[in-house]
Amino acid sequence: MDLSSLPTPCALVDEARVAHNIERMAAQMRRLGVALRPHVKTAKSLPVAERQRAAGARGITVSTLKEAEQFFAAGFDDILYAVGIVPGKLAQVRALRERGCKLKVIVDSLPAAQAVAAAGHPFEVLIEIDTDDHRAGVKPEEARLLDIGRALHEGGAVLAGVMTHAGASYELHDPEALAAMAEQERARCVRAAERLRAAGLPCPIVSVGSTPTALSARRLDGVTEVRAGVYVFHDLVMLNVGVCNADEIALSVLATVIGHQDEKGWVLTDAGWMAMSRDRGTQAQPVDYGYGAVCDEAGRLIDGLVMSGANQEHGIVGWRDGHVDATLAQRFPLGTRLRILPNHACATAAQFPHYEVIGRDGALTRWERFGGW
Ligand SMILES: Cc1ncc(COP(=O)(O)O)c(C=O)c1O
């Protein structure tokens with residue numbers, strides 16, 4: 001493998017690792033007997049989504065209507081837009097649906113449900129359920145769950161189901177706690193579906209998921225589909241959660257050493273926060289990797305070496321425990337190339353217009369990606 005032709009910083013993807021991660025999640029879903037509707041917001045890249053579909057994924061999840069537009073244009077027609085819909089976006093959703101896209105939206109309030117139902121189009125809508133006090137959603141036992149369901153069903157929309165995302169799972173790192181969180185996500189979302197059905201309302205879809213809960217679930221009775229996203233690349237946050245190994249992290253930033261500060265034990269690179277993002281997701285986790293974990297050019301992790309600081313276009317590399325090591329300058333002289341593993345793959349990937357992909361045979365290719373809204 002020769003990376004010398006690549007400009008730095010660039011986003012490097014290991015195709016074999018992506019394939020492994022996709023197959024690992026697909027196998028887990030087969031074992032649990034549920035469909036996988038991957039969240040494509042991590043890679044925002046057609047070649048990645050095509051590989052997920054080839055491995056059995058059914059439909060996709062998106063975080064922006066731009067993703068819906070782009071993936072629909074590329075032949076993905078079963079799409080869940082998993083961010084609460086507002087009236088101002090309904091015209092774009094409707095236009096996509098009238099072109100044949102089975103685009104579904106989510107609501108978690110009565111005003112939103114009433115607005116969607118009154119919009120004069122049979123929008124397919126899922127109710128967002130809060131199963132972990134993490135973010136948005138209606139609690140499964142709340143009275144307004146049925147009010148929202150009725151407002152949709154009786155108001156002209158199609159009540160397609162319920163969905164939840166146990167984002168609180170990112171704060172865990174114990175396998176038993178993760179399995180318990182997956183069970184809580186499952187049980188509370190299924191409970192919401194049962195309440196709707198008991199009230200005579202339809203609820204065909206029960207959609208759950210995050211990468212930690214998807215990989216930790218032991219049973220998913222009553223669930224019809226799982227949405228997981230970051231698993232295609234994994235990252236240091238997932239490493240800390242304990243749902244991947246370092247050699248499953250498929251995205252890194254290729255950087256070049258541009259200088260040193262020997263008395264501080266610093267190696268300076270051309271990958272600052274503009275390349276890695278400002279995401280410090282490992283800060284509160286068992287291992288704080290700073291802005292990233294450092295690997296050699298071949299991708300071998302250098303245990304204990306991290307990107308401890310970041311300016312816009314400068315990265316500072318040093319030992320995680322902060323000890324000053326003047327020999328780093330000899331070990332990594334000017335021009336040395338390093339790979340930096342990201343804290344949060346979605347955020348780091350978003351800094352780049354495309355991926356430089358190391359194929360299974362070591363040859364380089366390029367996968368386009370997009371950003372924006
Ligand atoms: C609504 C929703 N579903 C699914 C996911 C996928 O989670 P993960 O990236 O942990 O797989 C996310 C991620 O933020 C999300 O917001």
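The shortest side-chain heavy-atom distance between F332 and L305 falls under the 4.5 Å cut-off. In this structure, the side chains of L364 and S5 come closer than 4.5 Å at one or more pairs of heavy atoms. By the 4.5 Å heavy-atom criterion applied to side chains, T336 and V267 are not counted as neighbours. You'll find the side chain of L251 stays beyond 4.5 Å of the side chain of D235, heavy atoms only. Counting heavy atoms from C-beta outward, E225 and I205 have side chains that approach closer than 4.5 Å. Here the side chains of V253 and F352 are in contact, with some heavy-atom distance below 4.5 Å. You'll find the side chain of V162 stays beyond 4.5 Å of the side chain of V190, heavy atoms only. Using a 4.5 Å heavy-atom cutoff, the side chains of F72 and D77 are in contact.
Rounded to the nearest 0.5 Å, atoms CE (M163) and OG (S207) are 6.0 Å apart. Between L146 atom CG and L201 atom CG the span is 7.0 Å, to the nearest 0.5 Å. Separation of atoms OG1 (T256) and CD1 (I258) is listed at 9.0 Å; rounding is to 0.5 Å. In this structure, H260 NE2 and D262 CG are separated by 7.0 Å, a value rounded to the nearest 0.5 Å. Atom CD in Q70 sits 8.5 Å away from atom OG1 in T64 (nearest 0.5 Å). Atom CD of E124 sits about 8.5 Å away from atom CG of L126, to the nearest 0.5 Å.
The nearest pair of heavy atoms linking P342 to T348 is CB-OG1, 3.2 Å. Residues L341 and S252 share a closest heavy-atom pair of CD2-CB, 3.9 Å. Listed here is the closest heavy atom pair of M25 and A228: CE-CB, 3.7 Å. The minimum heavy-atom distance linking V125 with A157 is given by the pair CG2-CB, 4.1 Å. Scanning both residues, S210 and Y170, for their nearest heavy atoms gives CB-OH, 4.2 Å. The minimum heavy-atom distance linking I249 with C244 is given by the pair CG1-SG, 4.3 Å.
Of the possible polar contacts, none joining the D14 side chain to the I358 backbone as a donor-acceptor pair under 3.5 Å is found. Side-chain atoms of Q28 come within 3.5 Å of backbone N or O of A214 as a donor-acceptor pair. No donor-acceptor pair closer than 3.5 Å links the side chain of K102 to the backbone N or O of G100. For T164 (side chain) and I129 (main-chain N/O), a donor-acceptor pair under 3.5 Å exists by modelled atom type. With hydrogens and angles disregarded, a donor-acceptor distance shorter than 3.5 Å links the side chain of R197 to the backbone of C203. With hydrogens and angles ignored, the 3.5 Å screen pairs a side-chain donor or acceptor of S169 with a backbone N or O of A166. Judged by distance alone, the side chain of D132 and the main-chain N or O of A168 form a donor-acceptor pair under 3.5 Å. Without hydrogens or angle criteria, R99 side chain to A95 main chain gives no donor-acceptor distance under 3.5 Å. Side chain of T224 to backbone of V206: a donor-acceptor contact under 3.5 angstrom is found. Counting only distance, with no hydrogens or angles, the side chain of R17 and the backbone of A250 share no donor-acceptor pair below 3.5 Å.
There is no side-chain donor-acceptor pair under 3.5 Å between E171 and Q285. In summary, the side chains of E185 and T213 do present a donor paired with an acceptor at a separation below 3.5 Å, with no hydrogens or angles considered. A donor-acceptor contact closer than 3.5 angstrom is absent between the side chains of D279 and S277. A side-chain N or O of Y355 and one of R369 form a donor-acceptor pair less than 3.5 Å apart. Y231 and Q52 are linked by a side-chain donor-acceptor pair at a separation below 3.5 angstrom, with hydrogens and angles left out of the test. H121 and R97 form a side-chain donor-acceptor contact under 3.5 Å, judged by distance and modelled atom types alone. Side chains of T282 and N240: no donor on one and acceptor on the other come within 3.5 Å.
Applying the side chain to side chain contact (heavy atoms under 4.5 Å, CB included) test between V226 and each of L32, L215, V34, T211 identifies V34 as the sole match.
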Side chain to side chain contact (heavy atoms under 4.5 Å, CB included) between F76 and L46: does it pass, once the steps are laid out? CA-CA 10 Å; F76 289 81; L46 202 50; 3.6 Å; yes
From CA spacing to verdict: salt bridge (charged side-chain N to carboxylate O under 4.0 Å, His left out), R337, D296: CA-CA 7 Å; R337 287 181 163 218; D296 66 12; over 6 Å; no
Criterion salt bridge (charged side-chain N to carboxylate O under 4.0 Å, His left out) on K104 and E128, from CA distance to verdict: CA-CA 12 Å; K104 292 169 257 302; E128 182 166 19; over 6 Å; no
Working for salt bridge (charged side-chain N to carboxylate O under 4.0 Å, His left out), residues R30 and E23: CA-CA 10 Å; R30 286 195 297 272; E23 181 43 37; 2.6 Å; yes
Test side chain to side chain contact (heavy atoms under 4.5 Å, CB included) on W367 and E15; report intermediate values, then the result. CA-CA 10 Å; W367 292 347; E15 186 182 7; 4.0 Å; yes
Side chain to side chain contact (heavy atoms under 4.5 Å, CB included) for I127 and I106? Distances and angles first, verdict last. CA-CA 6 Å; I127 304 174; I106 67 170; over 6 Å; no
List the steps and the verdict of side chain to side chain contact (heavy atoms under 4.5 Å, CB included) for R366 and E356. CA-CA 5 Å; R366 184 172 278 187; E356 307 291 357; 2.8 Å; yes
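Hydrophobic clustering keeps V105 apart from V158 (ILVMFWY residues linked when any side-chain heavy atoms are closer than 4.5 Å, directly or through intermediates). Transitive grouping of hydrophobic side chains (ILVMFWY, heavy atoms separated by less than 4.5 Å) brings F71 and V93 into a common cluster. The same ILVMFWY cluster, assembled from side-chain heavy atoms under 4.5 Å apart, contains both V243 and V230. Put simply, V40 and L96 are part of the same group of oily side chains (I, L, V, M, F, W, Y) that touch within less than 4.5 Å, one to the next. Transitive grouping of hydrophobic side chains (ILVMFWY, heavy atoms separated by less than 4.5 Å) brings F123 and V138 into a common cluster.
A salt bridge between E183 and R188 is absent, with no side-chain N of the basic residue lying under 4.0 Å from a carboxylate O of the acidic one. Looking at R195 and E142, no side-chain N of the basic residue comes within less than 4.0 Å of a carboxylate O on the acidic one, giving no salt bridge.
Residues passing the ring-ring contact (aromatic ring centres under 6.0 Å, His included) test with H354, sequence neighbours excluded: none.
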Side chains of residues 54-63: which donor-acceptor partners sit under 3.5 Å, not counting sequence neighbours?
unit_1, atom_1, unit_2, atom_2, d
T61, OG1, R37, O, 3.0
S63, OG, E67, OE2, 2.6

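By the neighbour-count criterion of 12 heavy atoms within 6.0 Å, atom NE2 of H20 is densely surrounded, having more than that number from other residues, nucleotides or ligands. Residue D321 qualifies as enclosed at atom CG: its count of foreign heavy atoms under 6.0 Å is above 12.
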